[in-house]
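The structure under discussion is supplied below as structure tokens; questions concerning it will follow.
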Amino acid sequence: MTVKEYNRAVDLFSDGIFRFVLKSMPEQETAKDIVQESFVRLWDKYHGIDFEKCKSYLFTTAYHLIVDMVRKNKHKQMYLKSQAPDPVTYDEFTDLKRVLDEALERLPEIQRTVVLLRDYEGYSYEEIGEITQLNESQVKVYIYRARKALKSYIVNVDVVI
């Protein structure tokens, strides 16, 4: 990959990677850091990576950085999950994005990742398998389970009202 192709990769893929990371990491600054670190790692290896494969490399790197961040902060997340949930208040209108974000947050990390890669970013099952290091049938199972969980959460009348 040339420097020109690297700059083109930044222009083409940074927004998509940011959206992907932001769905897994609630803080924008953390998401920006992960995107930046992904591009730093691409820069470190840009001579050995073809431009055609840099998108997959970037998403794979971002995914692994997310996993590392989750592992590092696992004790903090366990503490937050043990806290009682806030009472739900309902506004006059349903905020579909909020409901979808809440539903995605309830999914296990791997299910959320494969659903985001498939439904938000449009990757094929094979590409998702390469990014997450799962085989294609595992990817399909995780996506099926995630969609089933999302459906059962969204169908709940208390959540949507």
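Fair warning: this is a prediction, and the values are worked out from it, not measured in the lab. Values below: all heavy atoms of this structure, side chains included; hydrogens, waters and symmetry mates excluded.
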Thr60 OG1 to Gln133 CD distance, which is reported to the nearest 0.5 Å | 7.5 Å
Within the distance-only criterion (no hydrogens, no angle test), does the side chain of Glu5 pair as donor or acceptor with the backbone N or O of Thr2 below 3.5 angstrom?
->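 Looks like yes, one N/O pair under 3.5 Å.
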Audit row: Leu42, Ile49, side-chain contact (heavy atoms from CB on, under 4.5 Å) steps and yes/no = CA-CA 8 Å; Leu42 176 65; Ile49 297 174; 3.7 Å; yes
Over all atoms of both residues, closest heavy-atom pair of Val21 and Ala62 |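 Looking at all heavy atoms of both residues, the shortest contact is CG2-CB, 3.9 Å.
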Are Glu121 and Arg19 side-chain neighbours, meaning at least one heavy-atom pair lies under 4.5 Å?
->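 SC-SC contact between Glu121 and Arg19 confirmed.
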Would Leu12 end up clustered with Val3 when hydrophobic side chains under 4.5 Å apart are linked, directly or stepwise?
->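 Yes, Leu12 connects to Val3 through the hydrophobic network.
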From CA spacing to verdict: salt bridge (Lys or Arg N to Asp or Glu O under 4.0 Å), Lys140, Glu136 = CA-CA 6 Å; Lys140 289 178 182 180; Glu136 195 171 324; 3.7 Å; yes
Salt-bridge criterion met for Lys32 and Glu29 (N-O under 4.0 Å) |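 Salt bridge: yes.
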Distance-only, no hydrogens or angles: does the Tyr123 side chain make a donor-acceptor pair with backbone N or O of Leu116 under 3.5 Å?
-> no
Backbone N or O of Lys53 within a donor-acceptor pair of the Ser56 side chain at under 3.5 Å?
-> no
Of all heavy-atom pairs between Leu150 and Ala103, which one has the smallest distance, and what is that distance?
-> CD2-CB, 3.4 Å
Are any of the side-chain heavy atoms of Ile143 and Tyr125 separated by less than 4.5 Å?
-> yes
From Leu104 atom CG to Gln111 atom CD, the distance as rounded to the nearest 0.5 Å |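 It comes to 11.0 Å.
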Identify, with sequence neighbours excluded, every residue that meets salt bridge (charged side-chain N to carboxylate O under 4.0 Å, His left out) alongside Asp68.
-> none
Carboxylate-amine/guanidinium proximity below 4.0 Å for Arg41 and Glu37 |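 Yes.
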Please answer: with hydrophobic residues joined when any side-chain heavy atoms are less than 4.5 Å apart, are Trp43 and Ile34 in the same cluster?
->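 Yes, it is one cluster - the side chains of Trp43 and Ile34 are joined through contacts under 4.5 Å.
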Might you confirm whether atom CD of Gln36 has over 12 heavy atoms from other residues, nucleotides or ligands at distances under 6.0 Å?
->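 Result for CD/Gln36: open.
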Closest approach of Leu65 to Ser38 (non-hydrogen atoms, all atoms of both residues) | CD1-OG, 3.6 Å
Just how far is it from atom NZ of Lys45 to atom SG of Cys54, taken to the nearest 0.5 Å?
->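 It comes to 14.0 Å.
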Verify the cluster assignment for Leu117 and Val141: are they in a single hydrophobic cluster under the rule of side-chain heavy atoms below 4.5 Å apart?
-> no
Locate the shortest heavy-atom distance separating Arg8 from Phe51; write the atom from each residue and the value.
-> NH1-CE2, 3.3 Å
CZ on Arg112 to OG on Ser24, rounded to 0.5 Å =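 The OG atom of Ser24 sits 5.5 Å away from the CZ atom of Arg112.
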Would you say the side chain of Phe39 lies within less than 4.5 Å of the side chain of Ile17, judging by non-hydrogen atoms?
->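 In contact.
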Would you say Asp50's side chain and Glu52's backbone share a donor-acceptor pair under 3.5 angstrom?
->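 The answer is no, because no donor-acceptor pair under 3.5 Å joins these two groups.
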Walk me through it: do Lys23 and Asp101 pass the test side-chain contact (heavy atoms from CB on, under 4.5 Å)?
-> CA-CA 8 Å; Lys23 291 292 182 186; Asp101 287 343; 3.2 Å; yes
Separation of Ile131 CD1 from Glu126 CD (nearest 0.5 Å) | 11.0 Å
In Å, rounded to the nearest 0.5 Å, how long is the span from OH of Tyr153 to CD of Glu105?
->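 Going from OH on Tyr153 over to CD on Glu105, the span is 8.5 Å.
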Pick one: which of Tyr120, Phe13, Phe59, Tyr63 meets ring-ring contact (aromatic ring centres under 6.0 Å, His included) with Phe20?
-> Phe59
